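First up is the structure itself, then whatever we jot down about it.
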Amino acid sequence: MSIKDLPTVYDARATEEKIYKFWEDGRYFEADASSKKPSYSMVIPPPNVTGVLHMGHALDETLQDILARYYRMAGFETLWLPGTDHAGIATQNVVEKQLREEGLSRCDLGREKFLERTWEWTNEHKSAILDQCKRLGASFDRTRERFTLDEGCSEAVKEVFVRLYEKGLIYKGTYIVNWCPRCQSAISDVETDYETKGGHLWEISYPLKGENGASIGGGGAIIIATTRPETMFGDVAIAVNPDDFKYKDLIGRTAIIPLSGREIPIIADDYVDKNFGTGALKITPAHDPNDFEVGKRHNLAPIKILDEQGRMCACGEVPPEFHGLDRYEARKQIVDSLKYKNFLLRIKDHEHNIGQCQRCSTTIEPLLSDQWFVKMEPLAKPAIAAVKDGRITFVPERWEKNYLGWMENIRDWCISRQLWWGHQIPAYYHNQTGEMVVAKENPDPQNYTQDSDVLDTWFSSGLWPFSTMGWGVNEKGSPNGATEWAMKNAPDFKKFYPTTTLVTGFDIIFFWVARMITMGLEFTGKAPFSTVYIHGLIRDEKGQKMSKSKGNTLDPVVLIDKYGCDALRFTLTSLCTYGGQDIKISDERFEYGRNFANKIWNASRYVLMNLDGVDDKPFDLAALTLPDKWILDRLNKTITTTRKNMDEFRIGEIAHDLYHFFWDDFCDWYIELAKSQIAEEGLKLNTQRVLKHVLDYTMRLLHPIMPHITEEIWQLLSVGEALIAADFPKSEEKELDALADMEFVFGIVRGLRNLRQSLNISTSVKLNIIIDYPSADYFVPLEMYIKRLAKVENITYGGKVPKQSASAVVEGSKIIVPLAGLIDLDAELARQHKKLEKLAAEKGSLAGRLNNESFKSNKPDLWEQTRARVEEIALQENAIDELISSLKD
RNA sequence: GGGCGUUUAGCUCAGUUGGUAGAGCGUCUCCCUUACAAGGAGAGGGUCGGGGGUUCAAGUCCCUCAACGCCCACCA
């Protein structure tokens, strides 16, 4: 297709498909571990295999891609490593749902068959979301794609588990955990959400046993308050505050659990708040984390009365009529029974926070069970230090506090999950003796059986920066113990670990970022990345979180179809503030990026269509006109700020700067001025060279944000083979010093246009203008340029100042326009008076400063500036006065 | 209970070391001038949430109050 046939509307769809294929075919995304160039690397936050691309990914992937493309162009050997997460619970849920539809359960299949089935599903979907990322223009290296359950990652998981265990940092124990009765698994603290709900506080009377062994009812009663009456059969004590005079005498006596009749001691513990409820608290160690601690302090064995489904146990502690009841039904019946037997004294409304499973919103049941934990404190210490001493920086900085606060109060991490899909815990039990061995392989499959639990999904993602890169060869580089896989990939680890930047949302700082830091430091001795760039979350136009259930999601692929990928990327990028504010979006916002892409397209079309006869030589510095120098200066400044902003992760500012430079400076001013230069034979060639140069460099600057359209145009410019592999511009030190003069020209033109508009003189009417310069300094370099504007602005220039004329003042010069035709005299007079008022107000406020001696001595340059402005105002006022009297003539 | 964020033009938001406020969209006026009507030119619009303080000078620094949002903790 010839340049002249390029469509006037940019065809994003066709261009993007073609260009992405060009990059893939040219293998431009693939990193070379043997390169001598300095490295820049990132790992993708692995999306869940069950995930579907949403706006959050679009933003996260776009930002990473911008960095990858920038550093690739800036001379770094760049690796952006993609992959996906096996997402334990989520994936298992999907497959179990399929099974249910077939009338089966996972237990019908058995573990082995179920896993086969899940692998089948996974293999089918594993890469779907990364394939979708192609539409985003993602330049990650698919030859290095990883999956958290694949060979290398699994090997690393086992290695890490065994080493932590041997170091005493992984332990197994019976503790209270957050149990999800629906998922049938323990979940970690961070996977538990709390929601405030209305509930009740029940006050129940527990009879006291008589002092001298008197029978039930003989010794009065103690009244406790609880939100969970159904757990009463698991009570092991009643606790009161040791300083609470109400109960002082009761400490050490014995109370009797209503309905079941078991005897429990009354103990004293500081944990109890005298002022809450009745000041007496029932202690149920098996079903409440705080009670568990109290129980431990007082050596009271927990009694478990709810099972893993959330039903009352059929045990001796629970009266038979409640056996097997669901926890809520049990509560109802127990309360009825208490009421009937007069043990229930009062019911108060009470709001409290209820823990819920993040994944299925089922109310969490704190449950006593055998689980595996990571001892976090020793691991947290170096992870705190790495952030405090600056080896790891958070951008924006405020997230550092957030991270440190959490780390400094870290609690042990429950890592076992009662699922089948995931990394099975590498612990083996002897079939007869029960003896436990923790090892990477089963020591003797005949006699040992592996622990049936799997690891929390975040355990493997915590290793992601190094498990994906061939970690496993020991520090001395010896193959001893390392798998073949690790050996093969070790060069990646050497070249690209630690990674440079991690890009993610603040919602997974605790889940993921913190764990990568602890694990990275523990196992590689190095922080896994030096900068954590935290961006905001995408929200809908009302500021609500996007979710499928609310139906307020926007599909990135649909938006790309409608507006184009580069448009989507540009819009998203422009909304990224340095502070990482959440981003509110609606469909229409992407018109911003689309319009910009179209502007780029059409301006480029103009340049391309006007390059006939141009050569490959650089522009002639000596022959540059004022606008040439100006646009080159502006380009140079834009290069400087773009690089600086890239270093500082001010990505949104880059987008705004480039938008402004391209649209306002290049299109609206330079190209318009260049049109008249091209018409002059003597200036044509050099102008073409400048146009070509500026477009070339602008495409380079914009490429990280808008990769497809820039690649397309750059290739049409025929200055190189592939923009993706071209150099990122470096700024020149020397300035061409044209800004001030050009501003003057702009002032003249604006003044003129303003006059036309306000006097209602159409651009089709030719105007004569006269410029009254205050001194020759202005005149010499600019006269020519004003003349050159003649065609564009439809003016003639020069002559004598007639009587009736309008004028505008620019930096001491006056543009005078004779008013031969008709104008609206009153309207013009009113306009001028309004201007006078404005000027007077400004002068008033400036005068105060001017007379301020300390301002004059503290900031002489600023004072001088102010003084100059006051002079300018006086000139303008004079001009307006003159105009007014001339109009009145 | 502790911490963080936000409050600037009709709407959505920028505003890096303190120096008389900017953008996009929307509004009004004019223009289909062969790069672009997804465009061009011009205009209007803000006592920067309230109050106090520091300073010659505060959207910007300090204190305080208010509203909204988020995170952490989880007194039964």
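If you're wondering where the values come from, they're calculated on a predicted model, not measured in any experiment.
Backbone-only engagement by A:Trp663 is indicated by non-hydrogen atom pairs under 4.0 Å involving sugar-phosphate atoms exclusively. Among the atoms of the strands shown, none is found under 4.0 Å from any heavy atom of A:Lys282. At the heavy-atom level, A:Glu672 lies under 4.0 Å from base atoms of the strands shown. At a threshold of 4.0 angstrom between heavy atoms, the contacts of A:Phe510 are confined to the sugar-phosphate backbone, with no base atom among them. Across all strands, A:Arg539 comes closer than 4.0 Å to no nucleic acid atom at all (heavy-atom distances). Residue contacts for A:Asp668: at a heavy-atom cut-off of 4.0 Å it reaches the sugar-phosphate backbone alone, with no base atom in range. Contacts of A:Val272 with the nucleic acid, taken as non-hydrogen atoms under 4.0 Å apart, include base atoms. Backbone-only engagement by A:His350 is indicated by non-hydrogen atom pairs under 4.0 Å involving sugar-phosphate atoms exclusively. A:Lys545 comes within 4.0 angstrom of nothing in the nucleic acid, heavy atoms only. Across all strands shown, A:Tyr592 has heavy atoms under 4.0 Å from sugar-phosphate atoms exclusively, and none from any base. Base engagement by A:Arg594 is indicated by at least one non-hydrogen atom pair under 4.0 Å involving a base atom. A:Lys584 comes within contact range of the sugar-phosphate backbone alone, with a heavy-atom separation under 4.0 Å but no base atom that close.
First and last contacts of RNA chain B with chain A, using any nucleotide atom under 4.0 Å from a protein heavy atom and ordered 5' to 3', fall at B:rC4 to B:rA76.
Base pairing annotation: B:rA67 forms a Watson-Crick or G-U wobble pair with B:rU6, both donor-acceptor distances under 3.5 Å. When both pairing distances are held under 3.5 Å, B:rA41 makes a Watson-Crick or G-U pair with B:rU29. Across all strands shown, B:rA73 forms no Watson-Crick or G-U wobble pair with both key distances under 3.5 Å.
Nearest-nucleotide assignment on RNA chain B puts the 5′-proximal partner with A:Lys401, out of A:Lys401 and A:Asn275. The 5' end of RNA chain B is approached more closely, in terms of each residue's nearest nucleotide, by A:Ser604 than by the other of A:Ser604 and A:Thr192.
The side chain to side chain contact (heavy atoms under 4.5 Å, CB included) with A:His287 is formed by just one residue from the set A:Ile176, A:Ile303, A:Asp235, A:Thr231; it is A:Thr231.
Residues A:Leu608 and A:Leu717 form a side-chain contact, since some pair of their non-hydrogen atoms from C-beta on lies under 4.5 Å apart.
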Q | Full working for salt bridge (Lys or Arg N to Asp or Glu O under 4.0 Å) between A:Asp540 and A:Lys584 | A | CA-CA 5 Å; A:Asp540 73 4; A:Lys584 282 193 247 182; over 6 Å; no
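For B:rG1 and B:rU55, the P atoms lie 36 Å apart once the distance is rounded to whole Å. Only the P atoms considered, B:rG15 is 12 Å distant from B:rC61, to the nearest whole Å. Here the separation of B:rU7 from B:rC48, taken at their P atoms, is 14 Å to the nearest Å. Taking atom P in both B:rU60 and B:rU8, the straight-line distance is 14 Å, to the nearest Å. As rounded to the nearest Å, B:rC25 and B:rA38 have C1' atoms that lie 13 Å from one another. Taking the C1' atom of each, B:rA41 and B:rU33 are spaced 11 Å apart, rounded to whole Å. Nucleotides B:rA58 and B:rA21 have their C1' atoms positioned 13 Å apart, rounded to a whole Å. Rounded to the nearest Å, the gap between the C1' atom of B:rA23 and that of B:rU17 is 23 Å.
Taking the ring-ring contact (aromatic ring centres under 6.0 Å, His included) definition, one finds that A:Phe276 meets it with A:His350, sequence neighbours left out. Taking A:Phe506 as the reference, A:Trp399 meet the ring-ring contact (aromatic ring centres under 6.0 Å, His included) condition, with sequence neighbours excluded.
Other residues, nucleotides and ligands contribute at most 12 non-hydrogen atoms within 6.0 Å of the NZ atom of A:Lys545. No more than 12 heavy-atom neighbours from other residues, nucleotides or ligands sit within 6.0 angstrom of CZ on A:Arg346.
Atom CG of A:Asn290 is separated from atom OG1 of A:Thr284 by 11.0 Å, given to the nearest 0.5 angstrom.
Taking the six-membered ring wherever Trp is involved, the centroid distance between the rings of A:Tyr578 and A:Phe649 does not fall below 6.0 Å.
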